[in-house]
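The structure displayed is predicted, hence computed values, not measured ones.
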Amino acid sequence: MDAVDAHTQSLRDKFMDQMSFLDINSQIGSCMPIAMMRIGTIIHNIEMRPGQGGKLVRAAGTSAKILKDPTASRFVTVKLPSGVEKEIDTRCKATIGQVSNPSHGTRKLRKAGQSRWLGRRPVVRGVAMNPVDHPHGGGEGRSKSSGKFGRTSVSPWGKPTKSGYKTGPLKRRK
């Protein structure tokens with residue numbers, strides 16, 4: 001019995017030695033301010049303002065990376081899944097690791113009904129509608145134009161969609 005206790009004690013000591021080397025900063029799933037993390041850490045569920053709650057990088061299989069040293073200044077640079085590098089306050093909290101279920105986007109839907117279960121409504125072409133429903137609607141047979149000269153592609157609200165028509169706000173165009 002004495003030999004078994006000694007063996008158990010030695011295993012416990014080894015385990016405690018390993019635990020002393022592991023700090024909380026390297027444990028996946030730990031949530032803490034970005035200031036306490038190291039450069040190059042993979043994170044998700046990031047706050048935009050301190051105390052606001054996680055807003056960024058929450059979709060299945062996504063993760064972000066800390067690019068700039070968080071201890072150096074008030075703001076840290078984080079590379080988001082879109083490739084955008086964003087400045088975030090170091091007091092904001094984030095969770096270490098990647099969001100689970102990375103194969104979510106590759107899942108194949110077997111039938112149209114499965115798409116409906118997810119709340120997605122069918123996409124109907126404007127030319128298949130009536131004139132009251134869409135500017136492209138109406139006409140006899142497969143009619144592209146409306147009138148002698150034809151018509152450019154427009155949205156359901158009549159805004160042009162092609163020919164380089166600017167749709168974004170003026171601020172972004174500068």
>> If you apply the rule side chain to side chain contact (heavy atoms under 4.5 Å, CB included), what do you find for Val78 with Leu67, and how did you get there?
In response: CA-CA 6 Å; Val78 174; Leu67 298 180; over 6 Å; no

> Taking it one step at a time, do Ile46 and Lys55 satisfy side chain to side chain contact (heavy atoms under 4.5 Å, CB included)?
Replying inline: CA-CA 6 Å; Ile46 308 163; Lys55 295 280 186 263; over 6 Å; no

>> Test salt bridge (Lys or Arg N to Asp or Glu O under 4.0 Å) on Arg74 and Asp89; report intermediate values, then the result.
In response: CA-CA 6 Å; Arg74 173 87 183 273; Asp89 195 323; 3.3 Å; yes

>> One pair to check against side chain to side chain contact (heavy atoms under 4.5 Å, CB included): Glu47 and Arg91. What are the steps and the verdict?
In response: CA-CA 9 Å; Glu47 290 181 331; Arg91 296 173 300 168; over 6 Å; no

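When all heavy atoms are compared, the tightest approach of Asn45 to Gly54 is OD1-CA, 3.3 Å. The two residues Pro70 and Ala35 come nearest to each other via the heavy atoms CB-CA, 3.9 Å.
Side-chain atoms of Thr62 and Gln98 include no donor-acceptor pair closer than 3.5 Å.
Taking 4.5 Å as the limit, some side-chain heavy atom of Ile96 sits within range of a side-chain heavy atom of Met37. Proximity of Ile43 to Ser63: side-chain heavy atoms (C-beta onward) are nowhere separated by under 4.5 Å. Using a 4.5 Å cut-off on side-chain heavy atoms (C-beta onward), Ile34 and Ile66 make contact. Side-chain contact between Glu87 and Thr77 is present, with heavy atoms from C-beta onward closer than 4.5 Å. Looking at Met48 and Ile88, their side chains never come closer than 4.5 Å, going by heavy atoms from C-beta outward.
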Review item, side-chain donor-acceptor pairs of residues 152-165, under 3.5 Å, at least two apart:
{"unit_1": "Ser155", "atom_1": "OG", "unit_2": "Trp157", "atom_2": "N", "d": "3.3"}
{"unit_1": "Ser155", "atom_1": "OG", "unit_2": "Lys159", "atom_2": "N", "d": "3.2"}
{"unit_1": "Thr161", "atom_1": "OG1", "unit_2": "Ser153", "atom_2": "O", "d": "3.2"}

What side-chain donor-acceptor pairs closer than 3.5 Å can you find for residues 102-118, not counting sequence neighbours?
{"unit_1": "Thr106", "atom_1": "OG1", "unit_2": "Ser103", "atom_2": "O", "d": "2.8"}
{"unit_1": "Gln114", "atom_1": "OE1", "unit_2": "Arg110", "atom_2": "N", "d": "2.7"}
{"unit_1": "Arg116", "atom_1": "NE", "unit_2": "Arg120", "atom_2": "O", "d": "3.3"}
{"unit_1": "Trp117", "atom_1": "NE1", "unit_2": "Gly113", "atom_2": "O", "d": "3.4"}

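Linking Ile, Leu, Val, Met, Phe, Trp and Tyr whenever their side-chain heavy atoms come within less than 4.5 Å puts Leu56 and Met32 in one cluster. When hydrophobic clusters are built by joining Ile, Leu, Val, Met, Phe, Trp and Tyr residues whose side-chain heavy atoms come closer than 4.5 Å, directly or via intermediates, Phe75 is not grouped with Val57.
Lys65 contributes atom NZ, which lies 9.0 Å from atom CD1 of Ile39 (distance to the nearest 0.5 angstrom). Atom OG1 of residue Thr90 and atom CE of residue Met36 lie 12.0 Å apart, to the nearest 0.5 angstrom.
Looking only at distances, no side-chain donor or acceptor of His134 sits under 3.5 Å from a matching main-chain atom of Met129.
The neighbour count for Lys86 NZ, taken as heavy atoms of other residues, nucleotides or ligands under 6.0 Å away, does not exceed 12.
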